[in-house]
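Numbers restart at 1 for each chain; the letters A, B, ... are given by sequence-line order, proteins then strands.
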Amino acid sequence: MALVLSEDQQLLKDSAKSFCEQNAPVSVLRGLRDSKDEQGYDQAIWSQMLELGWAGMAIPEAYGGFDFGYGGLGVVLEETGKTLVSSPLISTVLVGATAIVQLGNETQKQDLLPKIVAGELLIALALDEHTNHNPSKIATTATKVDGGYSLNGSKTFVLDGHIANVLIVVARTSGETDSERGISLFLVDANAEGLNVARTIMVDSRNSSNIQFNNVVVAEDALLGELDQGFNGLDSVLDIARIGIAAEMLGSMQAVFESILEFLKQREQFGVLIGSFQGLQHRAAEMYSEIELCKSAVRAALAGLDDPDTTLAERAELASMTKAKLSEVFFLVSNEGIQMHGGIGMTDEFDVGFFIKRARVAQQFLGDASFHRDRYATLNGF
Amino acid sequence: MQSQQEFRNETRIWLEQNCPESMRTSMVQEEVVWGGRNAEFANPDSETWLQRMAQKGWTCPSWPAEYGGGGLDKDQAIVLGEELARINARPALTSFGISMLGPVLLEYGNHQQKAEHIPKIVRGEIRWCQGYSEPGSGSDLASLSTKAELQGDNYLINGSKVWTSYADKADWIFCLVRTDFDVPKHSGISFILFDMASEGISTKPIQLISGSSPFCETFFDDVKAPARNLIGRLNEGWSIAKRLLQHERTMISGFGLSAGQSDNGGTTSTISSLEGTAMHYRGDTKKLSDPVLRDQIARFKIDADAFAHTSRRSVEESKQGPNATSSMLKNYGCELNKRRYELMLQAIGSQGLGWEGEGFSDEELQLTREWLRSKANSIEGGTSEVQLNIIAKRVLGLPDILSLARK
Ligand SMILES: Cc1cc2nc3c(=O)[nH]c(=O)nc-3n(C[C@H](O)[C@H](O)[C@H](O)COP(=O)(O)OP(=O)(O)OC[C@H]3O[C@@H](n4cnc5c(N)ncnc54)[C@H](O)[C@@H]3O)c2cc1C
Ligand SMILES: Cc1cc2nc3c(=O)[nH]c(=O)nc-3n(C[C@H](O)[C@H](O)[C@H](O)COP(=O)(O)OP(=O)(O)OC[C@H]3O[C@@H](n4cnc5c(N)ncnc54)[C@H](O)[C@@H]3O)c2cc1C
């Protein structure tokens with residue numbers, strides 16, 4: 001398992017870095033927020049990202065992708081994290097495409113994956129139903145009806161729900177609300193009757209929504225993966241997504257830390273640079289160490305995803321280790337990002353505020369640190 | 001060129017044939033092999049194991065074969081490490097010669113010095129101690145004042161060192177001495193080696209809070225050290241001293257890695273599985289019943305995982321051996337090791353609080369002592385605060401308050 005980037009990955013990372021710096025700086029997100037943009041992302045930038053091939057990064061060549069692996073998608077996400085790029089990359093590419101690659105049948109893959117690569121299709125995962133992530137606690141039901149299923153229930157924190165063409169809906173086809181058995185996944189057309197999408201304006205200025213299902217009928221072949229046995233597949237897709245989101249968080253925390261260092265080397269008080277105060281130096285040194293650990297965790301987890309010998313249990317452990325660690329450290333770094341900038345850190349004009357807002361959303365998304373520590377302990381048998 | 005796979009196969013076979021059974025168990029404190037003129041082998045298999053490993057140079061796998069080392073490249077050394085770990089092999093030899101002196105001698109020593117000292121380190125024939133700290137010079141090591149004056153073919157050494165680990169057991173010392181008092185403190189230091197059996201040396205053991213007395217006060221009274229034992233150039237010992245500290249820190253950072261393999265930081269076999277131990281002492285079977293401890297152990301293990309990956313990444317990234325990131329690894333590894341012992345004490349409750357005698361198993365008593373010993377991890381080899389200073393200055397490029405103060 002290589003913990004250093006390959007030459008190809010490094011080239012990709014460099015090109016993603018310059019793209020994000022030049023074409024998609026934080027000011028783009030600020031603009032989307034201030035103009036209350038309907039879409040919540042910049043279509044022109046997304047088109048350029050598609051041209052760069054980012055949507056097909058982890059999709060096999062057989063389905064129009066570039067087979068560059070999660071190591072490739074990971075370095076792209078790290079760079080988009082540095083400038084907080086708001087795009088369908090996470091909902092559609094990291095989560096959506098992964099779900100279809102992992103769980104879809106041949107027809108579904110042939111049909112959907114090339115469209116994702118071409119940018120003709122946006123996907124959203126409708127999973128959470130409560131204030132805290134809990135993928136087995138599913139009350140939304142899918143009941144067998146003539147020729148298909150009827151969906152009822154409500155979902156929250158659905159990333160890109162209001163712009164998606166297709167939703168992947170996690171529903172209960174049998175069993176108790178808390179049970180891992182009886183969960184099934186469905187591909188649902190976003191325009192289906194009985195479906196009500198309400199965009200939610202989130203603190204990080206990215207797209208999210210609440211969705212209600214009132215007798216939304218889907219055909220038999222809308223089932224993604226196995227009936228009643230969807231949980232394990234779902235969880236392994238979520239593990240990939242957790243690692244991907246951690247890669248994005250890694251980029252974001254590095255950006256905050258760079259900004260801190262720059263400020264410490266430029267701001268003078270008491271007649272000296274504030275970076276000479278040991279009270280700040282030691283905190284910076286500790287943050288540096290924690291970020292180095294985060295980098296290693298993310299690299300190890302991404303390498304694990306691309307290694308065919310990694311078992312699902314190992315992947316789960318890597319995912320929970322990484323998401324727990326990154327959530328904790330991003331919490332620390334985003335808080336210090338404000339504190340160490342003094343009054344300036346509190347101003348909207350300064351970008352660090354965007355990062356602390358993103359931090360909390362990314363921490364929550366697909367399980368926060370305590371969710372993943374608990375899961376890690378369970379996976380390790382204690 | 002032999003392929004990596006071939007090397008792995010050969011190594012595996014060799015280890016199968018040559019590593020004695022009893023050497024495939026976790027190390028216990030009393031059986032650690034330090035070598036030296038008065039080497040002790042509490043377990044006779046250790047002697048066999050040492051001889052076989054030394055023969056191949058595998059006590060120092062990547063040192064040049066010319067001086068008795070294993071001559072392995074970086075990848076082969078990693079493979080050897082993995083194969084040793086696979087069978088849970090004990091380190092055949094533990095010494096400051098291997099972890100500290102050897103690497104700098106190879107880098108700064110002349111041919112004669114290397115030929116004289118390196119093979120003896122590889123074979124464990126000479127045991128070394130480190131003469132750095134002095135009563136007035138701890139964190140501010142460069143202020144040291146032990147004096148060396150050239151007299152004919154010898155340096156005459158006067159002064160004292162403190163906290164010298166195993167000075168009473170070591171055969172030779174690598175020592176920092178002041179050879180010029182009239183220049184800025186970093187510019188008058190030299191790095192010299194001498195025999196601890198020389199006339200004029202006395203040592204006085206100091207007892208630790210853990211009850212053992214592994215270190216000493218060390219006094220030099222007109223000790224004669226041959227001038228040819230000066231490493232590098234006169235008055236240029238500080239860069240060698242710092243380089244050695246990087247190696248030492250890398251070694252100490254290993255305490256944070258895993259239980260069972262390292263042996264100087266107080267980390268040995270008693271403390272293998274934190275969560276398993278915690279559950280065992282509570283009679284839990286499926287899930288650790290103390291939710292707070294469970295969360296703390298999970299957090300610890302996650303940090304330890306991420307640290308192990310970092311340590312591996314730094315090996316993959318480093319081409320010229322350790323660098324300033326050794327301070328980060330040292331600091332983090334030590335803090336992890338201290339956390340591990342605190343959690344272990346919590347895991348076994350009042351059974352971890354015995355000092356001696358009846359009512360406690362040997363392992364429990366050893367754990368208590370090791371917990372106390374682990375507190376030194378963030379002091380020895382440069383304190384945690386000093387490591388954070390180094391990271392701030394050397395890695396992050398933050399301004400140095402001390403040099404601002406001097407201006
Ligand atoms: C919401 C808000 C309301 C405010 N209201 C008022 C008001 O009504 N009236 C008013 O006059 N001011 C007000 N302030 C300003 C506030 O008092 C200053 O922001 C504060 O004193 C910090 O100064 P600074 O922003 O210049 O940060 P800096 O002094 O530049 O500090 C930057 C960072 O360096 C650290 N630092 C600085 N010196 C040292 C040192 N010696 N050792 C260690 N660390 C150090 C700081 O702790 C901080 O983390 C307000 C600020 C805010 C955010
Ligand atoms: C078990 C053990 C084994 C050892 N073995 C050896 C050995 O074999 N050979 C050898 O030479 N030495 C050895 N040492 C000594 C060790 O290197 C010193 O103890 C260490 O460098 C600290 O020096 P000091 O004890 O004088 O503490 P001091 O330097 O007096 O430090 C006291 C406190 O002040 C802090 N401090 C000091 N300077 C700063 C600063 N600039 N910024 C912030 N905080 C600061 C320190 O971090 C510490 O918390 C050993 C020590 C121990 C505990």
Side-chain angles (χ1 to χ4, degrees), chain A residues 1-5 257-258 260-261 264-265 268 271-301 303-304 317-318 320-329 369-370 372-382, chain B residues 273-279 284-289 291 293-317 325 327-333 335-336 384-385 387-405:
Chain A
M1 202 159 43
L3 295 169
V4 288
L5 298 180
F257 189 58
E258 252 174 54
I260 291 174
L261 282 185
L264 294 184
K265 291 176 190 175
E268 284 194 16
V272 292
L273 292 172
I274 59 169
S276 60
F277 298 129
Q278 205 175 45
L280 301 183
Q281 286 187 341
H282 284 192
R283 277 150 62 195
E286 273 163 359
M287 260 190 282
Y288 160 80
S289 309
E290 293 291 358
I291 293 171
E292 284 299 306
L293 261 71
C294 285
K295 207 183 277 178
S296 315
V298 167
R299 297 256 191 282
E317 196 179 317
L318 281 170
S320 281
M321 183 265 290
T322 305
K323 185 66 177 27
K325 183 73 194 161
L326 273 281
S327 297
E328 232 177 62
V329 178
S370 43
H372 283 291
R373 282 203 299 272
D374 175 63
R375 185 167 179 260
Y376 179 93
T378 306
L379 288 165
N380 278 282
F382 67 98
Chain B
S273 156
L274 256 179
E275 64 277 17
T277 309
M279 286 168 74
D284 299 338
T285 49
K286 289 210 170 63
K287 185 171 171 175
L288 182 51
S289 54
L293 181 60
R294 180 171 179 266
D295 187 63
Q296 286 175 344
I297 292 178
R299 175 182 259 152
F300 168 80
K301 285 175 67 81
I302 285 169
D303 286 344
D305 274 3
F307 179 73
H309 290 306
T310 306
S311 179
R312 282 221 340 259
R313 181 163 66 89
S314 99
V315 172
E316 285 182 30
E317 281 172 356
T325 59
S327 287
M328 184 270 282
L329 294 172
K330 196 269 177 185
N331 183 45
Y332 212 102
E335 296 301 331
L336 270 180
S384 284
E385 290 77 11
Q387 306 312 319
L388 293 173
N389 289 347
I390 293 174
I391 296 170
K393 204 164 87 176
R394 300 250 177 265
V395 183
L396 306 180
L398 293 173
D400 181 4
I401 192 85
L402 291 177
S403 70
L404 289 174

Review point. Do the non-hydrogen side-chain atoms of A:M287 and A:I260 ever get within less than 4.5 Å of each other?
Key: yes

Review point. Do A:F257 and A:V329 come close enough that some side-chain heavy atom pair is under 4.5 Å?
Key: no

Given that the side chain runs from C-beta out, which part of [X] has a heavy atom under 4.5 Å from chain A: side chain, backbone, both or neither?
| X | value |
| --- | --- |
| B:K393 | neither |
| B:Y332 | side chain |
| B:Q387 | neither |

Review point. Going from CG on B:D305 to NE2 on B:H309, what distance comes out if it is rounded to the nearest 0.5 angstrom?
Key: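 Those atoms lie 5.5 Å apart.
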
**Study point:** Pairwise distance CZ(A:R373) to NZ(A:K325) - rounded to 0.5 angstrom
**Key:**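 The distance works out to 10.0 Å.
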
What option among [options] has the most heavy-atom pairs under 4.5 Å with chain A?
| options | answer |
| --- | --- |
| B:K287, B:M279, B:R294, B:M328 | B:R294 |
| B:D284, B:L288, B:T310, B:I391 | B:T310 |
| B:S289, B:A308, B:G276, B:A298 | B:A298 |

Practice item. May I ask you to decide if B:S273's main-chain N or O and B:T277's side chain share a donor-acceptor pair within less than 3.5 Å? Key: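 Here the side-chain-to-backbone pair exists.
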
Check your understanding: Which atom pair, heavy atoms only, marks the closest approach of B:N331 to B:S384?
Key -> OD1-OG, 2.9 Å

Check your understanding: In terms of side-chain geometry, is the basic nitrogen of A:R299 or B:E316 positioned less than 4.0 Å from the acidic oxygen of its partner?
Key ->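 Salt bridge absent between A:R299 and B:E316.
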
Heavy-atom distances under 4.5 Å only: say whether [X] touches chain B with side chain, backbone, both or neither.
| X | value |
| --- | --- |
| A:E286 | both |
| A:T378 | both |
| A:A377 | both |

Point to revise | Closest-packed option against chain B by number of heavy-atom pairs under 4.5 Å, given A:S289, A:A284, A:S320 | key: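 That would be A:S289.
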
Point to revise | For chain B, the option from A:E292, A:Q278, A:H282, A:Q281 that forms the most heavy-atom pairs under 4.5 Å | key: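 That would be A:H282.
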
Check your understanding: Can you list the steps and then say if A:L280 with A:R283 is a side-chain contact (heavy atoms from CB on, under 4.5 Å)?
Key -> CA-CA 5 Å; A:L280 301 183; A:R283 277 150 62 195; 3.7 Å; yes

